[in-house]
Every structure is written in structure tokens, then in C-alpha cells.
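All remarks here apply to the structure that follows.
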2 protein chains.
Amino acid sequence: MSDHTNKDGPREMARIGKDTPSRPAGRLTRIKLSDQITEEIRRRISREGLHPGDRLPNERSLMEYYGCSKGTIREALKALEVEGLLRMVSGPNGGPEVQAASIDIVTQQLRRYLHFQKLDFAQVYELRQTLEVVLARNVTGRLTEEHLTRLAQNIALCDAANQAQDRERVRTAETEFHDILCEASDNVMLIFMCRFLNSMLRDLVSYRSEAMVEHDHFGAHNVDAHRDLLAAFRARDADAAAAIMSEHMDCASRFMRKLDASFHMDRILTR
Amino acid sequence: MSDHTNKDGPREMARIGKDTPSRPAGRLTRIKLSDQITEEIRRRISREGLHPGDRLPNERSLMEYYGCSKGTIREALKALEVEGLLRMVSGPNGGPEVQAASIDIVTQQLRRYLHFQKLDFAQVYELRQTLEVVLARNVTGRLTEEHLTRLAQNIALCDAANQAQDRERVRTAETEFHDILCEASDNVMLIFMCRFLNSMLRDLVSYRSEAMVEHDHFGAHNVDAHRDLLAAFRARDADAAAAIMSEHMDCASRFMRKLDASFHMDRILTR
DNA sequence: CTAGATTTGTTCGTATGTATC
DNA sequence: TGATACATACGAACAAATCTA
């Protein structure tokens, strides 16, 4: 019944050139069956314009359709799951469910890329310095009343954490202020980049200097800057917001240098 | 010998809260064994500081070590392969080989994220307008003689493509100019972001307007701007380079609007 | 709330293709 | 030219999760 070698169905046994960089012989290799199916399903999601929540055929149907075994289908689906395009649902009416790739998955992926690169935090601030200014302009006039009250609450929280000298809470609260700004933006790329940089600063920064005075000054500056920003946002003054943010980033960058900050590159893969 | 239920070894049957957004019941779910192993191996790569080219134990060894079957190990390795951290090598002395996650994999991942977002190109230019200026400053004085000659060659190529009215070649050549600049930068995050935006403009832009005159003007402007940039780079004048780049991006943005440019969002998943 | 049905998750055994020696 | 070591693929079965009656 079942013929091992080849079947009908949509699969073509395309032989493509696949670079094998570190091996001496960069030869022609048969593309893995599961990878072919992965690509097929991706195209299908794109072509049929599937939306988050839509279901793909279950494993059994896919096995029959592509004429392959369960393990192969599972590998193909696994790839799409890792890419964030699917999630598997078990039970009746289960099966692969289309998902919108989340910002977290892309964040993790970008971190994995940076793990093997030479990243210091001067680079991060070189970017943040301009991106946060663009963000400040972008959200001015777009922040709702609810956003503004949450920003005010965040400042209070930040202030309290500073008083308690709880550095961990200070850091999370400080980055959350900027994350709230992102929520008001309509530029998805800008949002991604700013949130990515925020997450790096939240999760991966360590200070070699323990000087309490400097840390306190840093915290006080942040609260002041955020207060000024909030005022500018309330006044819907984009130029003022941009100017304050620019100054804020300059100061933060200097403080970080003074506190001898660096990234925990050893945590970048796993967190 | 082999006991089905549970084994010693590093695996803990941790039950964690896993959100199931679109399903009614967001219940506790056992984390998939293959996912646990994926995480374990990721930690291992990080902890042992493995470098690209290093080999992991082969499938059989991993099966024994984690006390699970081939299919499970294969799914775990598949995940790491998709993440770009591994590639599989068959044959003697084969096995999973550690790889540095490539910029292309991250690019694809970010595109997959954008597929489900509302992305228009005004957003792209809002970013590019500032990022390319930062890049111009960053690479001034860092461009080698070789870079400069390649930029000059690229300008000649761009000019020729313009004369021939070959829009496809014009577009690839124009973005390549900016990619060459990236090569000279030392800021890996900046490089990634600029190259990502470049690739979007190269692969996914379509023009609704076919007005030849406008396209010719656009092409002529680009060549002029690139020539001016090259001169500024040669003079190692960062301020001039930044000013020219800023003007260049402004113009490009206007041209794109006039030509009624938009993204082929239907190609973003598969290309 | 229980019982059965449905579907994913995992295992074992086996066979085949592929690269190295 | 094998022989070897490894990934790749198949198939049948059972376990676990989850929906529905």
C-alpha cells in the first residue's frame, strides 16, 4: 500500500543549493521534507489570509494530505510553533491554531542574535537617545486621559521605590513609564524597537559601581524628567516633550556610564 | 530496562501556568517535554559558552541523557534549528552543530510579526529618517578606503540603472548603498535596524503610480544625494554627512508619497 | 460530574539516505 | 569500494489533555 519513495500530492522533491558554511564541501542537499511542508503551510497561511484563531487541519489530515508520517508533520508544525505563527490545541476540535506572532517571540529571537555579537550599552543608548525622542513626539496628543493617569501613578510608584532604595523595583517602574508611552504610539516598528531596548535595560543591566549616592541621584533625575514629560504631554507640546526626552536620555546615558553599567550577556539567551 | 513513566536525569516535570488566550479555559498545563529539553539545551549553550562550530551530543546520546525518545529530541532540536542556534549535520562526526543566529533569521521573524500588524510605509520612514542619520554619523571616519571605492562603484551602477530605466536594478542598487554603510558601523543594533528597513524597501515596496518622470527624478535625486554623502565621508565631516542624509531621507519620503508607494503585505510572510 | 470521543504528545522499532573514513 | 555513524523518515501503539453528551 504505502510506497516509501515518493507519492503524489503537493510535495515536489526539489533539490536546492543549501550552503553548509562551516563544512568544507558546500554541496547540493535534499531539502528536508518537514521544512518543505513548513514552507507550504506558511504560504497557505499567507495565501488564504488566515487570521489568529483560525484552525488548520489536524495532524492526521495533514499526514494524509502531504503523504508523510506523523513525526514529519509534527516537526513541520513545531517550526511554525517556534516562529509564533501557530499553537497546538489538544482535545476534540483541537489542532494547529493560527496565532499572531507575538512581540515577545521576536524579542527573544533578536536577543539570540545579539548573544553572538559584541553588544555594549553605549550602542543601546546611541539608539535610544534618538528613538525615544521620536516616540515622545509621536505620542504627544495621542495619549489618552487613561494613559496620562497611569503615567502619573507610575511616577508615584517610582518615587516610592526610590525612597525605599529598592533598586529592582525602581528599574522595572522606570522602564514601565516608557512602555506606557509605547502603548499610545501608532508606529508598530517604533514600538517594537523602543520596547526591545526597554526590555534589555530592564532585564540585563548590571552595575559595577554600588555608589548609593549616584544611584539616588539617578533615581531622582528620572522622577523629575518623567514629571516634566507628563506636563509636556498634558500640554500637548510635542517640541517640549522631545526636548525633555532628549535631555532625559542624555542624562541617563551619563549616569549609566558613571555607574559602570554593562549587560549580562550570559543571560541574554535564556531570559 | 526502560521505564515509561518517569526517569531520573535533569528533567523536572514542572507544571507551569501557560496562557491559552483564545480558549475559554486558561488552565494549568504540563509544559511539553520537548519544550523543556529545548530550554535545557539553550541554557547549556549559554552556560558552557559554546561557540559556532561546536558540536552537541548526537541524537542517541541526547535520548539517553534526557531519557526520552527520538521524536521528542528531534522536536527539541528542530526548535533550536528554527531559532538559528543549531544546524543538523549528518554522517560520521555529525550531530547538532552550534551556529550563530543569523541576521536573516531575525529579519524573517520580525517580518512574521509585522504580517499581523498595521504597517504602512510612513512608519518606516518615520524611523529611517532618524536612524540613517545616526548611521551616517556613526560610520563617518570609520569607512575604509575599500568601503569608499565600493560606494563609488555603487553610485556608478545606480546611475547606469537609472539611464536604462530598469527600476528593479535601481531599487536594489539604491538600498545596497545603505547596506554598505551598515558594514562600516560598529553598532550591531543600529546595523540590524537599518538593514531591516532597507530589506523591507528592497523586497516589499510597490508603486501605484507609474509616472516615469517622477521615477526619473527620484532616481536622479538618489544619485546626487549619494554622491554628496560620499564626498562628506571622504572629508570625514560627520555634521555634513548627517545633514545630507537627513535631507536625503526627507526627499525620499516625499517621493515615495508622491509615487503612492505601499508594502506588499501579502509577501511579507514568505519572502 | 462522570464517561466517552477526539486530538495532540510521546514512545518503540525499523528502514533508508548521506557523509566520513 | 565498502564499512561506519549519523540524521531522516516511516508506522503502530499508548498516554495525556480536553471537549461534549
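Fair warning: this is a prediction, and the values are worked out from it, not measured in the lab. Below, read A as the first sequence line, B as the second, and so on, with proteins coming before strands; counting in each chain starts at 1. FYI, side chains are in, hydrogens and waters are out, and symmetry mates aren't considered; it's all heavy atoms of this structure.
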Does a nitrogen or oxygen in the side chain of [X] sit under 4.0 Å from OP1 or OP2 of [N]?
| X | N | value |
| --- | --- | --- |
| B:S69 | C:dT11 | yes |
| B:S90 | C:dG17 | no |
| A:R30 | D:dT8 | no |
| A:N93 | D:dC19 | no |
| A:S34 | D:dT8 | no |

Starting from [atom2] on [N], measure out to [atom1] on [X] and report it in whole angstrom.
| X | N | atom1 | atom2 | answer |
| --- | --- | --- | --- | --- |
| A:E81 | C:dG9 | CD | C1' | 11 Å |
| B:L56 | D:dC6 | CG | C1' | 15 Å |
| A:D35 | D:dA7 | CG | P | 16 Å |
| A:R60 | C:dG9 | CZ | P | 16 Å |
| B:K78 | D:dA7 | NZ | C1' | 12 Å |
| A:K32 | C:dT18 | NZ | P | 13 Å |
| B:E64 | C:dC12 | CD | C1' | 14 Å |
| A:L62 | D:dC10 | CG | P | 14 Å |

Any donor-acceptor pair under 3.5 Å joining the side chain of B:K70 to the base of C:dT14?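 Check passes, donor-acceptor contact within cut-off.
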Would you kindly say whether A:H147 and A:T144 are connected by a side-chain donor-acceptor distance under 3.5 Å?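 Yes, because at least one side-chain N or O of A:H147 sits under 3.5 Å from a partner of the opposite role on A:T144.
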Under 3.5 Å, is there a donor-acceptor pair linking the side chains of A:D179 and A:N198?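 Distance-only check passes for A:D179 and A:N198.
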[X] side-chain proximity, nearest of [options]:
| X | options | answer |
| --- | --- | --- |
| A:P96 | C:dT8, C:dT10, D:dC10 | C:dT8 |
| A:P92 | C:dT10, D:dA7, D:dC19 | D:dC19 |
| B:M88 | D:dC6, C:dT11, D:dT8 | D:dT8 |
| A:L33 | C:dT10, D:dT8, D:dC10 | D:dC10 |

Just to be sure I understand the rule, does B:E59 reach a base, reach only the sugar-phosphate, or reach nothing, if contact means heavy atoms closer than 4.0 Å?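 Contact class for B:E59: base.
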Touch class at under 4.0 angstrom, heavy-atom based, for B:P57 against every strand present: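 Nothing, no nucleic acid heavy atom in range.
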Quick test of your reading of the model: are B:R74 and A:E75 salt-bridged, counting only N-O distances below 4.0 Å?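 Judged by the 4.0 Å cut-off on N to carboxylate O distance, B:R74 and A:E75 do form a salt bridge.
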For A:S34 against A:T72, the heavy-atom pair lying closest together: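 Closest pair (atom of A:S34, atom of A:T72, distance): CB-O, 3.7 Å.
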Classify the angle between the aromatic ring planes of B:F263 and B:F121 as parallel (below 30°), tilted (30 to 60°) or perpendicular (above 60°).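 Because their plane-to-plane angle is over 60°, the rings of B:F263 and B:F121 count as perpendicular.
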